[in-house]
Peer 1: 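The structure that follows is given in the form of structure tokens.
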Amino acid sequence: MTKKLFIKTYGCQMNVYDSARMADVLAPLGYVATPAPEDADMVILNTCHIREKATEKVFSELGRLREQRRDRKASGQDMIIAVAGCVAQAEGEEIMARAPYVDMVFGPQTYHALPEMVAQATRRTGGVLNTDFPLESKFDHLPEESAGQGVSAFLSVQEGCDKFCTFCVVPYTRGAEYSRTPEQILAEARRLVAGGAREITLLGQNVNAFHGQAADGTVWGLGRLIREMAGIAGLERIRYTTSHPRDMDDDLIAAHGEVPQLMPFLHLPVQSGSDRILAAMNRKHGADDYRRVVDRLRAARPDLALSSDFIVGFPGETDRDFADTLRLVTDIGYAQAYSFKYSARPGTPASGMDGQAPESAKSDRLAALQQLLNEQQIAFNRSTVGRTIPVLLDRRGKREGQLVGRSPHMQSVYLTAPDRLFGTVAEVCITDAFANSLTGGIVTGKHVHQPMERLSA
Ligand code: 5AD
Ligand code: SF4
């Protein structure tokens, strides 16, 4: 008998990947995806704890689900309500206490045990709480993926983090660094390509700390894994995210120059341009260390475009520290970047530090930083106008005849093109640039198709 499953995913790409794998684990139990929570026999909130009052968001969503379950019960149906992900890991006890109607609360390392948890929850012997960090890897117990992910796919190679940046919850919610084996990863990559993937993004909280041990005992770094993946026929593009500047080793840097499938775009978070703040953040690198890593990467791959994460208003950050951040941004020149106001996370060292900044100072700094980053992003996008670039057409647009793809530098490109080009890398002449996207036309011989006059994103 089929049952309906609704998973709501918050936060990072790792959660997107985890949600797909949870659906794989539940498929043999008869669960199929449904787009609406009110129709679902099971709802899983796959939560994020990195910033903001994420817990409160979860509780208000849970309140809504409780009412939807009441409606379903009135018509003789039921609903299992579950909270997964990093809020579950960090605040599991509190969820069970404040929302006792929740059936299952389980952390990111436990979802291979979902069938057992579902059996327990169905017996309704009270809620199930599972926030273990089991010694064996969940990856050893997960079934193979039941569905392909499409043209552009994610593959989790590494989880957890040992860096302990003082602002960050990840080492506590995701646990210690763990790498999957190269054999496991390559087999999954081949299945993804057989299922239609042309691009694979390797995922990990600290992906370039990857150190997978092969069956012959050798330990592979990310550079070796990428070189090996480049041998998979049909795989045209490889990316990886998210990296730590300290783990950019020589082999990985060299791979940027030597592996044509490795796309010339790198998300390499720096967080701050001030050595004083970087030290307080326990980042284990200074601003000049970061500049040097970027120089080496650009020496290997001159057209490499960069992205980063920044935190403004970290405890003790002065105007001078913030000016150092602006200077670093000016020196590096980013194609895009994410910036956040510092948010004190319970249990992290920085939450107890002196010099917590007022909200107004954080807002002012965020606005100034985002203005500079936006200017850089627009300038970068404009620099592509008039050029012909390879675009992987991985999505269908909202308009009739519209395809959407990604440039090598991760820019979204909107164009009109025949549907038979879907899933291929096409040569596209860029005709216009906006803050968050490009438009262009397919190049056939010397002829350029007319572009869309305006885009939808
Ligand atoms: N406050 C603000 N931003 C944070 N990040 C992580 N923890 C915090 C926090 N406590 C940001 C970092 C990280 C990104 C994923 O989220 O910039 O790189
Ligand atoms: Fe968090 Fe990234 Fe620092 Fe690890 S390296 S603690 S995931 S910010």
Side-chain angles (χ1 to χ4, degrees), residues 6-9 13 16-17 19-20 23 32-36 145-155 191-201 232-239 241 260-265 267 303 305 307 335-336 374 377-457:
F6 179 82
I7 305 183
K8 180 163 180 173
T9 308
Q13 315 285 32
V16 176
Y17 178 87
S19 291
V32 293
T34 181
E145 326 70 52
S146 58
Q149 291 182 43
V151 176
S152 188
F154 294 123
L155 202 175
R191 288 194 298 271
L192 289 169
V193 173
R198 294 294 162 261
E199 171 177 277
I200 292 180
T201 302
I232 299 177
L235 180 58
E236 300 191 47
R237 292 184 165 192
I238 302 170
R239 303 180 186 273
T241 199
Q261 291 92 330
L262 184 56
M263 288 293 102
F265 176 86
H267 182 62
D303 64 340
S307 160
Q336 62 160 75
N374 282 342
Q377 182 170 329
I378 290 174
F380 180 75
N381 286 347
R382 287 211 178 113
S383 72
T384 57
V385 174
R387 306 226 312 255
T388 295
I389 55 175
V391 176
L392 175 61
L393 300 167
D394 61 350
R395 286 164 285 162
R396 290 189 172 84
K398 290 200 184 96
R399 299 186 186 179
E400 183 75 31
Q402 188 184 45
L403 291 181
V404 189
R406 293 258 183 212
S407 76
H409 294 124
M410 279 298 272
Q411 296 144 298
S412 285
V413 185
Y414 289 76
L415 61 151
T416 306
D419 201 66
R420 66 184 159 73
L421 292 181
F422 178 80
T424 68
V425 176
E427 290 297 315
V428 175
C429 179
I430 302 303
T431 46
D432 219 343
F434 305 91
N436 294 306
S437 61
L438 309 172
T439 51
I442 297 284
V443 179
T444 47
K446 287 198 163 45
H447 177 71
V448 178
H449 279 278
Q450 279 309 300
M452 307 290 299
E453 72 290 2
R454 199 32 236 179
L455 40 135
S456 48

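What you see is a predicted model, and the numbers here were worked out from it, not measured in a lab. Residue numbers count from 1 along this sequence.
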Peer 1: With side chain to side chain contact (heavy atoms under 4.5 Å, CB included) as the test, would you mind laying out the steps for His409 and Ile389 before giving the verdict?
Peer 2: CA-CA 10 Å; His409 294 124; Ile389 55 175; over 6 Å; no
Peer 1: Can you measure from CG (Asp419) to CD (Glu400) and round to the nearest 0.5 angstrom?
Peer 2: 9.5 Å
Peer 1: Among side-chain atoms of Gln377 and Asn436, is any donor-acceptor pair under 3.5 angstrom?
Peer 2: yes
Peer 1: Nearest 0.5 Å, what's the CZ-OG1 distance between Phe154 and Thr241?
Peer 2: 9.0 Å
Peer 1: Between atom CG of Asn374 and atom CD of Gln336, what is the distance when rounded to the nearest 0.5 Å?
Peer 2: 11.0 Å
Peer 1: Taking all heavy atoms of Ala426 and all of Leu393, pick out the closest pair and write down the distance.
Peer 2: CB-CD1, 3.8 Å
Peer 1: Evaluate side chain to side chain contact (heavy atoms under 4.5 Å, CB included) for Arg399 paired with Thr416, printing each intermediate quantity in order.
Peer 2: CA-CA 9 Å; Arg399 299 186 186 179; Thr416 306; over 6 Å; no
Peer 1: What are the two closest non-hydrogen atoms of Val404 and Gly397, and how far apart are they?
Peer 2: CG2-CA, 3.7 Å
Peer 1: Could you check whether any side-chain N or O of Thr424 sits under 3.5 Å from a backbone N or O of Leu421, counting only pairs where one atom can act as donor and the other as acceptor?
Peer 2: yes
Peer 1: How long is the straight-line distance from CD1 of Ile442 back to CD of Glu427, given to the nearest 0.5 Å?
Peer 2: 9.0 Å
Peer 1: Measuring from Thr201:OG1 to Met410:CE, what's the distance to the nearest 0.5 Å?
Peer 2: 6.5 Å
Peer 1: Quick one: does any side-chain atom of Arg239 pair with a main-chain N or O of Pro408 as donor and acceptor, under 3.5 Å?
Peer 2: yes
Peer 1: Consider side-chain hydrogen bond (donor to acceptor under 3.5 Å, both in side chains). Of Arg395, Glu199, Arg406, which one does Ser152 pass it with?
Peer 2: Glu199
Peer 1: How far does CD1 of Ile200 sit from CG of Leu192, to the nearest 0.5 angstrom?
Peer 2: 4.5 Å
Peer 1: Shortest non-hydrogen contact from Ala435 to Ile378?
Peer 2: CA-CG1, 3.8 Å
Peer 1: Can you see which heavy atom on Phe265 is nearest to which on Ser307, and at what distance?
Peer 2: CZ-CB, 3.5 Å
Peer 1: Restricting to non-hydrogen atoms, name the atom on Pro35 and the atom on Phe6 that form the minimum distance, rounded to 0.1 Å.
Peer 2: O-CE1, 3.3 Å
Peer 1: In the structure I gave you, are the side-chain heavy atoms of Leu392 and Glu236 within less than 4.5 Å of one another anywhere?
Peer 2: no
Peer 1: What I'd like to find out is whether the side chain of Phe422 reaches to under 4.5 Å of the side chain of Leu403, using heavy atoms alone.
Peer 2: yes
Peer 1: Is any side-chain heavy atom of Pro390 closer than 4.5 Å to a side-chain heavy atom of Arg237?
Peer 2: yes
Peer 1: Tell me the closest heavy-atom pair linking Ala233 and Val193, and the distance in Å.
Peer 2: O-CG1, 3.5 Å
Peer 1: For the pair Gln261 and Leu235, evaluate side chain to side chain contact (heavy atoms under 4.5 Å, CB included) and give the outcome as yes or no after the intermediate values.
Peer 2: CA-CA 8 Å; Gln261 291 92 330; Leu235 180 58; 6.0 Å; no
Peer 1: Could you walk me through whether Thr431 and Leu415 pass side chain to side chain contact (heavy atoms under 4.5 Å, CB included), step by step?
Peer 2: CA-CA 10 Å; Thr431 46; Leu415 61 151; over 6 Å; no
Peer 1: Apply the test salt bridge (Lys or Arg N to Asp or Glu O under 4.0 Å) to residues Asp394 and Arg198: give CA-CA distance (whole Å), side-chain angles for both, the deciding distance (0.1 Å), then the verdict.
Peer 2: CA-CA 9 Å; Asp394 61 350; Arg198 294 294 162 261; over 6 Å; no
